[in-house]
Amino acid sequence: MAKLKLRGKDLIEIGYPQKGKAISIAIDVMLKNFRRERKDKVLQRLKTILKNPEKYLGDGIVGKIAEELTTPVHVEAQQLATTRAPFTIFGENGIADEAKHQLYTALKLPIAKAGALMPDGHSGYGLPIGGVLAAKDAVIPYGVGVDIGCRMCLSMYDIPASYIDGHRDKYVNMLQEHTKFGSYETHKRINDHEIFERSEFKDIPTVKKLFKKAYTQLGSSGGGNHFVEFGIVEISDEHNEFNMPVGTYLGILSHSGSRGLGANIAKHYTKLAMQQTPLPGEAKNLAWLDLNTHDGQEYWLAMNLAGDYASACHHDIHKRLGKALGARPIAMVENHHNFAWKEMVYGEELVVHRKGATPAQKGVLGIIPGSMTAPGFIVRGTGNKHSLQSASHGAGRQLSRRKAKQTITQSDIKKQLKDCGVTLIGGGIDEAPMAYKNIHQVMSNQTELVEVVGTFTPKIVRME
DNA sequence: ATGTAC
């Protein structure tokens with residue numbers, strides 16, 4: 001197959017403007033997508049686009065050419081403001097300075113309108129973990145995080161929680177057989193899911209390339225702090241949304257995200273953002289995409305796909321375990337905690353980034369995990385304006401992974417697990433319960449943000 | 001977080 005050769009001269013001949021970047025963008029797009037087509041056919045395509053570029057705006061492949069011909073994106077070095085957008089920090093005494101400074105930097109972005117830091121806040125890449133940032137008409141890929149749509153999912157069963165103790169081996173086996181951890185492990189038989197019908201997999205070249213990976217990774221959990229666990233749900237609020245009598249139940253709790261799909265989407269669009277909005281040193285990872293541009297709109301679609309895919313993965317995990325358990329859940333609670341949403345903030349529609357923060361609009365349910373030996377909380381948001389209607393996404397790290405490995409021993413963990421009656425499958429030292437802050441302290445720092453509906457106490461935990 | 005690196 002002859003390889004396509006396109007030169008600037010060819011495009012000038014058919015009328016492409018020499019001013020601006022139309023020619024270089026067009027050559028780039030054509031070489032990437034129509035490498036095997038005949039040159040005259042490709043030039044004909046380019047002519048058609050040039051004649052009526054408006055018609056091709058939003059097209060996944062040639063939309064970027066059309067954009068350059070109609071409303072070119074201006075790349076310019078961005079400066080930070082000298083003042084910060086308004087913000088509130090919850091549980092300030094428990095948060096390291098570095099995380100606060102990361103928020104302060106983000107609040108000086110020209111697109112920043114408001115921010116907040118949750119009481120589990122700690123240092124991250126770009127926006128701190130526990131950071132919330134409201135921006136105008138723009139989305140920051142690293143404000144969402146690398147694991148787009150990282151989320152929690154809890155299923156509650158009408159099975160006595162005490163059942164676990166008599167059948168530990170059975171539950172351990174279920175997790176070993178029906179959950180997949182690590183970079184490589186996937187299920188032998190993939191369940192089909194409607195997510196794979198989504199048009200984004202056809203329309204966006206970057207996403208199209210990730211289809212196969214997404215397909216094979218469905219229902220897998222990955223690594224890092226991701227887990228699947230059996231535990232005891234205790235419903236304490238008698239006016240709970242599930243109409244469940246106060247008491248204890250068996251629960252399955254999972255924590256994971258969008259696997260390779262989201263990671264590669266994040267990587268691709270962060271690179272584009274860094275090219276389009278170059279920022280000074282300490283802020284460079286906060287580069288954004290204008291939502292009125294081709295790339296910005298494409299990221300938004302891809303991000304939402306990754307979020308739905310993460311949800312599909314959790315549902316697949318719970319479906320497999322429910323089947324093994326031979327039971328249907330009475331109720332489920334789930335929420336993203338790495339994502340961006342368009343929300344009204346002080347009367348204005350803004351893009352609210354939550355990077356390790358639980359959505360907590362009034363009446364909205366969510367899950368805030370503790371650690372493998374501390375309870376997590378089923379919560380109901382209060383819609384607090386100062387947190388931009390958010391809460392923490394967990395206890396938060398107290399020790400960095402490196403520090404945890406240096407100071408915690410395997411026997412420390414063993415003792416802690418035994419004291420709490422927890423069986424652990426996998427799990428490195430960096431995920432030790434002692435590496436996390438005290439969840440009760442964190443919860444006491446966010447009583448204005450969420451109400452407690454119940455708790456989930458882990459009993460059988462599987463990690464990478 | 002991620003087949004850990006343009």
Side-chain angles (χ1 to χ4, degrees), chain A residues 28 31-32 99 102 120-131 139-153 179-187 190 206-207 209-228 254-275 278 284-287 299 302-303 305-314 317 335-340 353-358 369 393-397 399-402 404-405 426-431 435-436 462-464:
Chain A
D28 188 48
L31 288 183
K32 265 191 190 138
Q102 288 182 325
D120 61 340
H122 55 99
S123 138
Y125 203 66
L127 200 61
I129 315 298
V139 61
I140 304 167
Y142 272 148
V144 169
V146 178
D147 191 4
I148 300 171
C150 186
R151 67 200 320 265
M152 304 300 305
C153 182
T179 66
K180 299 290 171 190
F181 280 81
S183 294
Y184 309 96
E185 252 207 325
T186 54
H187 289 288
I190 307 296
T206 308
V207 174
K209 279 185 227 147
L210 298 167
F211 179 84
K212 203 175 164 193
K213 184 189 287 287
Y215 184 81
T216 54
Q217 290 184 332
L218 185 79
S220 63
S221 294
N225 56 6
H226 292 174
F227 60 74
V228 180
S254 53
H255 174 219
S256 53
S258 51
R259 310 290 285 106
L261 174 68
N264 284 287
I265 289 171
K267 197 163 125 192
H268 176 76
Y269 291 96
T270 289
K271 196 175 148 200
L272 292 178
M274 284 171 140
Q275 286 166 1
K284 74 172 194 297
N285 293 326
L286 293 164
Y299 175 76
M303 177 196 77
L305 177 73
D308 293 342
Y309 174 77
S311 170
C313 282
H314 280 268
I317 292 166
N335 66 271
H336 289 330
H337 52 221
N338 280 14
F339 212 63
H353 303 72
R354 294 189 180 86
K355 186 186 188 182
T358 304
H393 82 311
R397 279 197 165 275
L399 301 174
S400 67
R401 290 185 185 280
R402 200 169 57 87
K405 284 178 194 161
I429 287 184
D430 46 346
E431 285 301 326
Y436 285 89
R462 182 169 184 199
M463 303 192 81
E464 184 179 0

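Below, chains carry the letters A, B, ... as their sequence lines are ordered, and counting in each starts from 1.
Atom CZ in F181(A) sits roughly 10 Å away from atom P in dT2(B) (whole-Å rounding). Rounded to a whole Å, the OH atom of Y125(A) is 17 Å from the P atom of dT2(B). Look at NE2 on H268(A): it is 14 Å from P on dC6(B), rounded to the nearest Å. Atoms CG (N264(A)) and C1' (dT4(B)) sit 12 Å apart, rounded to a whole Å. Protein atom OH of Y142(A) is 10 Å distant from nucleotide atom C1' of dT2(B), rounded to whole Å. Going from atom CG of D147(A) over to atom P of dG3(B) covers 10 Å, rounded to whole Å. Note: NZ (K180(A)) to P (dG3(B)) measures 16 Å, nearest angstrom. When the P atom of dT2(B) is taken as reference, atom OH of Y184(A) falls 12 Å away, rounded to whole Å.
H314(A) has its side chain out of reach of M152(A): every pair of non-hydrogen atoms, C-beta onward, lies at least 4.5 Å apart.
Formation of a donor-acceptor pair under 3.5 Å by the K355(A) side chain with backbone atoms of Y142(A) is found in this model.
Ring planes of F339(A) and H336(A): tilted class, angle from 30 to 60°.
Put simply, the residue from D120(A), T358(A), N338(A) that forms a side chain to side chain donor-acceptor pair (under 3.5 Å) with H393(A) is D120(A).
Y436(A) carries R397(A) over the face of its six-membered ring, with the cationic atom under 6.0 Å from the centre and within 45° of the normal.
Atom CD1 in I148(A) sits 7.5 Å away from atom CG in L261(A) (nearest 0.5 Å).
For the segment residues 214-224 of chain A, the set of residues with a heavy atom within less than 4.0 Å of an atom of DNA chain B comprises Q217(A), G222(A), G223(A), G224(A), in numerical order.
Set against dT2(B), dC6(B), dG3(B), the side chain of K267(A) has dC6(B) as its closest nucleotide.
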